[in-house]
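First listed ligand is number 1; within each ligand, the first listed atom is number 1.
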Amino acid sequence: MDIKVIASGSSGNCYKVSDGSTTLLLDAGIPFKEIQKGVEWKMTAVDGCIITHRHGDHSKSIPELLRRGFDVYSNNDVCSLFPLVQKVYPMKKFVVKTFEITPFPCTHDVECYGYLLHSTVTDERLLYFTDTAYVKYQFSNIDYIMAEANYSFDVMAENSKSGQLPWNVSNRVLSTHMSIDNLIRFLQSNIMHKVNEIYLLHLSDANSNAEEFKLRVQKETGAIVYVC
Ligand SMILES: [Zn+2]
Ligand SMILES: [Zn+2]
């Protein structure tokens with residue numbers, strides 16, 4: 001599978017995934033011009049766009065994608081905001097060309113889905129989740145993981161103590177975003193021997209340590225780890 005990070009972080013998230021037959025966008029939280037640039041102006045090759053939740057850093061370009069006739073898929077909450085988005089349901093598989101996609105609920109402050117993508121062409125599986133305090137489901141036979149690693153408990157505690165981070169902000173992050181610590185726990189409780197590549201997404205500028213995160217995940221899984 002070919003994975004391209006177009007944008008990652010609290011200022012915008014957009015990823016391109018292709019199995020050679022079908023190309024999907026995962027989230028569209030950047031200006032449409034930047035998406036066009038990210039796919040090297042080949043928007044006609046995009047077969048659909050899957051959105052995790054309504055926050056602007058994931059949904060910004062939904063109106064423009066719909067206006068241009070792209071198929072956009074997401075949960076009930078996003079559909080209530082953008083009625084032309086196609087509604088998908090937790091644990092109910094849907095198909096976009098050669099991808100079978102299973103949404104699963106995440107833990108955020110609005111309705112948010114993660115997605116398991118299975119390519120029927122390459123028989124590879126990709127797991128994508130972001131903006132979730134934890135993931136309570138178990139997965140197997142995963143080849144690629146794209147997962148939020150927003151902050152580390154230690155770095156955030158340090159920033160709170162020094163007064164750099166207001167307590168209400170750190171409280172929100174704790175209950176709505178994935179720490180590297182929780183991500184490691186998730187990786188430990190799932191069978192990881194097939195995982196080739198892990199993409200760490202949506203890192204907080206202030207509360208993360210990219211190099212340390214990469215080393216910890218590498219050590220835990222033996223996979224190739226990219227920090228996005
Ligand atoms: Zn976000
Ligand atoms: Zn969010």
Salt bridge (charged side-chain N to carboxylate O under 4.0 Å, His left out) partners of residues 176-197, not counting sequence neighbours, each pair once:
Asp143-Lys194, Asp181-Arg216
Does anything in residues 27-43 form a side chain to side chain donor-acceptor pair (under 3.5 Å)? List the pairs, not counting sequence neighbours.
Asp27-Thr52, Asp27-His58, Asp27-Tyr128
Taking only residues two or more places apart in sequence, or in another chain, which ones meet Asn209 in a side chain to side chain donor-acceptor pair (under 3.5 Å)?
none
Could you check, using the six-membered ring where one of them is a Trp, whether Tyr73 and Tyr113 have ring centers closer than 6.0 angstrom?
no
Shell check on the Zn ion (ligand 1): protein N, O or S atoms less than 2.8 Å away are Asp57 OD2, His58 NE2, Asp131 OD2, His202 NE2
Is the Tyr134 to Phe186 ring centre distance short of 6.0 Å?
no
Does Glu211 come within less than 4.0 Å of Lys214, counting only side-chain N to carboxylate O?
no
